[in-house]
Amino acid sequence: MFQSHRQVIKPLTTAHLAQTMTLLSLTVGELRQEIDKELSQNPALELIEERHCPMCGRPLQSSGPCPVCSTARSENEEEPVVFISPREDFRYHSDSGESEYDSGEMTSAGDDLPTFVLRQISPELEKDDRKIAAYILLSLDEDGLLAVSIASIAQYFHVPVSRVLEIQKAITHAEPVGVGSVSVKDALLVQLEVLSETQKVPALAYEMIATQMDLISRKHFSEIARNLGVSQRVVEETVHFITENLNPYPARSHWGNHRQPEEANNLVYHEPDIIITQLNDKTDSPLVVEIVLPISGTLRINPLFKSAVQQASEEKKDEWKNDLERASLFVKCLQQRNHTVLRLMKRLVTLQKDYILFGEKFLRPLTRAFFATELDVHESTISRAVSGKTVQLPNRRIVPLEKFFDRSLNIRTVLRDIISEEQHPLSDSELVSILETQGFNVARRTVAKYRAMENILPAHLRQGLSKAA
DNA sequence: CTATGGCACGGATT
DNA sequence: AATCCGTGCCATAG
């Protein structure tokens, strides 16, 4: 066996390669199961509590970025800070004592709402706060609104109201946005706030919801117009915007098969495999990318076990040696998996920075093949690394990693914008020429397809938008 | 005659 | 090798 050149991680055997490949394609949830399994049946493997920063090797205290690295790294403004981040177990209902929780089918795809939300926010909560968050989430009514008062929660946990409010705020800002609000009004306000980060919203919407809520629900538009001193037409347009884009019952948009088929809001219930955040909310501050590792602590070979092998009886020795082999293989594969994902994300985030910060309009159509040559790995490696994984963006949206490789999302978004601002229903061929002026060359037929994807009606059915009363 | 959706083909992507 | 996607052609609706 030859080693042509020495790498950080060198592939040793075919078994190694095979396992690396399978580990690479696993999501955090699946990986957690895999590690649990390996840990329970291989005595040579050990999980030690203390953690070391994967970048600089210093021991880490709390979860989150290593202070040393992130500060040191952020000097380089071009590259995002990327690191592998150990995470505590997200499961809130079972204490760590019960480690296997019917681990067979505990995939993250079909979580209930509380679990789903908790997974999003738990990274930024202290351990004690997670309990409170879980309590809040379990106190929701079926619409996703809070069924008990904030004060009673504070009393229950013997903590100040302000702390509960802070946690509740985190919950309402998670997907589905507005969940956990105390009222429909609050839910709408939060949604509006989040929405305004990515698109422009009617100027009056906020004030209208905040002060005229009961009139809105009773559809007394003329009275609202009088109260706010604007024309009734403006009121109606704003209300239209509200009913179209906001959802008074956060939980229903995903759970109740209300309204549109779930195609429209293709939310995926996953804990994120990768979390992208921005430390300050400044748009120029570097992005922080965390590759989520589903265990807290460091996985390594148990040194005691290793030395014990020496003095083992003959028959045991072989078996134990085998365990040792497997353990080191497993650790190496795990490292390589993280290494690959890390390299990929580092490059991906720099290239798609505009998309991450400013929305889908700025998504660059990149292909997996491109990254394969870029990182000098096989295409299938990238495929494996991308498939099934999910990313949490700074705006808390959780999107599939595949979205980063959507070849037409940017055009579709521009198309959506054009249509939403059209004065007059534009036909497909007209849309083609408008897109052309913006640098997008697509065929007429393709525009039709994009419309279909975004479920936008054809031009002749699109007029009912702003009809005068 | 114009606008749109269906089917199918070829090239790119996985 | 299998799949996805953009596009051209044609039928149909208005």
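Proteins come first, then strands; the chains are lettered A, B, ... in the order of their sequence lines, and each starts at number 1.
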Listed partners of [X] passing side chain to side chain contact (heavy atoms under 4.5 Å, CB included), at least two apart:
X	result
A:Val331	A:Leu45, A:Gln335
A:Ala385	A:Leu24, A:Leu344
A:Ser40	none

(message) Treating A:Glu237 as the side-chain partner and A:Val234 as the backbone partner, does any N or O pair qualify as donor plus acceptor under 3.5 Å?
(response) no
(request) Check side-chain hydrogen bond (donor to acceptor under 3.5 Å, both in side chains) between A:Asp417 and all other residues, then give those that pass, not counting sequence neighbours. (result) A:Lys361
(message) So, using side-chain hydrogen bond (donor to acceptor under 3.5 Å, both in side chains) as the criterion, who are the partners of A:Glu319 when residues are at least two apart?
(response) none
(request) For A:Arg451, check salt bridge (charged side-chain N to carboxylate O under 4.0 Å, His left out) against everything at least two apart and list the hits. (result) A:Asp428
(message) Could you work out, with salt bridge (charged side-chain N to carboxylate O under 4.0 Å, His left out) as the rule, every residue matching A:Arg444, not counting sequence neighbours?
(response) none
(request) For DNA chain B, find the residues of residues 365-382 of chain A with a heavy-atom distance under 4.0 Å and give them by number; none if there aren't any. (result) A:Thr367, A:Arg368, A:Ala369, A:Glu379
Would you tabulate the pairs of protein nitrogen or oxygen atoms and nucleotide nitrogen or oxygen atoms of nucleotides 4-6 of chain C closer than 3.5 angstrom?
unit_1 : atom_1 : unit_2   : atom_2 : d
C:dG6  : OP1    : A:Tyr450 : OH     : 3.0

Return the polar atom pairs (N/O with N/O) between nucleotides 10-14 of chain C and the protein under 3.5 Å, or none.
none

(message) I'd like to know whether CZ of A:Arg364 has more than 12 heavy-atom contacts from other residues, nucleotides or ligands below 6.0 angstrom.
(response) no
(message) Atom CD of residue position A:Gln438 - does it have more than 12 heavy atoms of other residues, nucleotides or ligands inside 6.0 Å?
(response) yes
(request) Give a yes or no on whether a salt bridge exists between A:Lys321 and A:Glu325, defined as a side-chain N under 4.0 angstrom from a carboxylate O. (result) no
(message) Which is more 5' along DNA chain B, the nucleotide nearest A:Arg445 or the one nearest A:Glu430? Just name the residue.
(response) A:Glu430
Quick test: give all pairs of protein nitrogen or oxygen and nucleotides 1-3 of chain C nitrogen or oxygen below 3.5 Å, distance rounded to 0.1 Å.
none

(request) Keeping to residues at least two apart or across chains, list the side-chain hydrogen bond (donor to acceptor under 3.5 Å, both in side chains) pairs with something in residues 376-385 of chain A. (result) none
